[in-house]
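Data first, discussion second: the structure below is written as structure tokens.
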Number of protein chains: 2
Amino acid sequence: MSELNERTEKILRAIIQSYIDLNVPIGSYMVTRRFSFGLSPATIRNIMAALEELGYITQPYTSAGRVPTERGYKHYVDTLLKEYSLSMNKAIIHELFNRLHGIEIDLQRLINETSKTLSFFSSYLGIVTPPRAEDRTLKHIRVIKYTSNKALSILIFGDDTVKNRLIDLERVYTQRELDKITNYLNISFGGVSLSEVKDRVAYQLSRESIICDRLIAKSLMVCKELISMENEDILMEGLTGASNLPDFADINEIKDILKAIEDKHLMLKLLAQVDSSEGVQVFVGLENIIPSMKKLSMVVSTYTDGMDAHGTIGIIGPTRMNYKELIPIVDRTAKTLTKVLSESQ
Amino acid sequence: MSELNERTEKILRAIIQSYIDLNVPIGSYMVTRRFSFGLSPATIRNIMAALEELGYITQPYTSAGRVPTERGYKHYVDTLLKEYSLSMNKAIIHELFNRLHGIEIDLQRLINETSKTLSFFSSYLGIVTPPRAEDRTLKHIRVIKYTSNKALSILIFGDDTVKNRLIDLERVYTQRELDKITNYLNISFGGVSLSEVKDRVAYQLSRESIICDRLIAKSLMVCKELISMENEDILMEGLTGASNLPDFADINEIKDILKAIEDKHLMLKLLAQVDSSEGVQVFVGLENIIPSMKKLSMVVSTYTDGMDAHGTIGIIGPTRMNYKELIPIVDRTAKTLTKVLSESQ
DNA sequence: TATTGGCACTCTTCACAGTAGAGTGCTATG
DNA sequence: CATAGCACTCTACTGTGAAGAGTGCCAATA
């Protein structure tokens, strides 16, 4: 509660919530009309002056209403997250579940649908990253002869998704040899997480001069190549209704978001900030990461695939988005996604 | 040349090109200043009145300059496509090639990069569809035992891309049986296009009661399932610089494009119009397909993957986009893509 | 001492009017 | 047939003034 007493706190929240609802500078009279604090506008005025002094709100110009500052939003969001008595409309919960249920089979589609759903409920940009490749475990590896100098390699992951690639061989191998490679790889790396595999391959390759077994060396090279293809960090977004919202009447906000979408690297940089152990996290004002995103905020949470890997979901919207409504939505979506994925195991 | 004589034609083109350049209603005086026709404004005025009569241009209000109508644009584009003396900046050709060269390996990335490139050069929405799955030929099929009731099926296509999926088996098969299935499928469908495979599977399944060979029936079922997964029509887009362009100062145009992106179905409906045998095609005013896209146009062309399959690339932008510049860009991009794909075979 | 009503003041927003300018159509003329 | 001239139209811009929302301060009050 820091430097604010309960009443001041309440009024700050009233101002911020009003501003979020109306998108208009909030004056003292406005506050008394919308909330029944049993206080006169004059009193509110005094408190507002104090809140301005403390940097929570500000006036766009002399004798205008007050608008929350970044600090104000941060404080507001903090109290929201602390209380966490955020309730949700039953209908929304239901709709949410329905949207994600029944497409467990295809992770890609599920991720896609999730981003659309987030976007649909928020009217802003929905972002979803797939479960981090590095966390996924390898279940089974197979290398099959294809042509004389090409082999088809297949990775099956813990969640039964499959990745594969044709790899070039520098000499002719028999299927028998390939089976030996396969065998070795499965024994070494079956059930191991990709990041672990990476480390082990690097270590073993460094020792390889001692072992001197050509086939095993080759196996490791194959493995290295296979894993390297897992680095791509796909990232889905949706901007479904963003264009409808009056919020975005200011064209520059749309431009800012579009600019963000353009550059996946920026996005990843943004998501790198997310702590996977916590629940919902809110980042108000993204300018410390991307200068042009000064007036944008991000609400994120993490989910797991029911195994070991976790991914990130969230939304990006204007700083003055409706946190009260959106925090539970992101929270719920993350939980629903985790549930759906766990069940499909 | 229809109802217009050469001089009138020239002036119509001057007006449209000026409007595209300046985005401002074009008056008679303006035309004489920007082009040296050796005619006075008064003469131009008479011709303009005639052009308005014919429906090629219109006045936003009494005594304003003229603006092209949809009909005007169509006529303009037709003459552009007929002449086809459209030249391109060497630097752009070079840049274009560089962007697409060297990533032949990964079709997905190539498509992605192409859409970004189109978007980059046009500042509008770039669209690229992958080579039509139905046109692709099947090179090799394999079914591998995975667990007692699951098998891993692998399709290798003519272009060496690989698709796979885990399929459920209703009883336990030995690898020997699966090999037999594999064998049968390869003999039947190796080198055949997917659409052809589809037909044949349907036909053979209808005759299957006669053959009565359980394994073959199962093979066909497997094949059917495998192919059905090929139906997804992925579609990449980019909107890289669109937000920078002054054209889009009108927020509604951005909204229209965003709305289009939202709905892949609409997009596919749009692209269904494209004739794969022709070169560059231009669709002015997309309202007959999607009402909200009245003020948008599409410039498209097709490419092939060096084998039998062809895909579509193009851009969608405001009706008053710079066709003169963008038609060659789309044309060139399609050709570059075809070239890059053919070389990587 | 905290709260409140009253009051003068500030700043934006909106409507309205007036003007400059670009462009037109028409007509008379070379 | 092309053109110069002219009266006319409509927009875009500018400035002004009034309405309104809101403030800060001060004195009165519980």
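Lettering of chains follows the sequences in order, A, B, ..., and the numbering in each one begins at 1. Note that the structure is a prediction, hence the values are computed from the model and not measured.
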Are Ser40(A) and dT4(C) close enough that a side-chain N or O sits under 4.0 Å from OP1 or OP2? yes
Sorted by chain and residue number, the salt bridge (Lys or Arg N to Asp or Glu O under 4.0 Å) partners of Lys269(A) (sequence neighbours excluded) come out as none
Strand-adjacent residues in residues 27-34 of chain A, judged by heavy atoms under 4.0 Å from DNA chain D: Gly27(A), Ser28(A)
Would you kindly give the CD1-to-P distance between Ile11(B) and dC1(D), to the nearest whole Å? 15 Å
By nearest heavy atom, map Arg7(B) and Ala64(A) onto DNA chain D; which one lands nearer the 5' end? Arg7(B)
Ile57(B) CD1 to dG23(C) C1', straight-line distance once rounded to whole Å: 13 Å
Strictly below 4.0 Å, heavy-atom distances to any atom of DNA chain C: list the hits from residues 42-52 of chain B, or just say none. Arg45(B), Met48(B)
Just how far is it from atom CD1 of Ile20(A) to atom NZ of Lys324(A), taken to the nearest 0.5 Å? 9.0 Å
For Thr117(A) and Thr114(A), which I'm curious about, is there any donor-acceptor pair between the side chains at under 3.5 Å? no
At what distance, to the nearest 0.5 angstrom, does OG of Ser123(B) lie from CG of Asn322(B)? 11.0 Å
Can you confirm whether the side chains of Ser18(A) and Asp21(A) place a donor and an acceptor under 3.5 Å from each other? no
Should the ring pair Tyr323(B) and Tyr76(B) be called parallel, tilted or perpendicular, given that the plane angle runs from 0 to 90° and is split at 30 and 60? perpendicular
Check whether any side-chain heavy atom of Ile313(A) sits under 4.5 Å from a side-chain heavy atom of Ile127(A), and report yes or no. no
Keeping Arg71(A) on the side-chain end and Tyr56(A) on the backbone end, is there a donor-acceptor pair under 3.5 Å? no
Whole angstrom value for the distance that separates P of dG22(D) from CD1 of Ile26(A): 8 Å
Output yes when at least one side-chain N/O atom of Thr62(A) is less than 4.0 Å from OP1 or OP2 of dC11(C), else no. yes
Rounded to whole angstroms, how far apart are OH on Tyr61(A) and P on dT10(C)? 15 Å
For Thr58(B), does its backbone N or O pair with a side-chain atom of Thr69(B) as donor and acceptor, under 3.5 Å? no
Given dG24(D), dT4(C), dA4(D), the nucleotide with the shortest approach to the side chain of Arg66(A): dG24(D)
When rounded to whole Å, the CD1 to C1' distance for the pair Ile15(A) and dT23(D) reads 14 Å
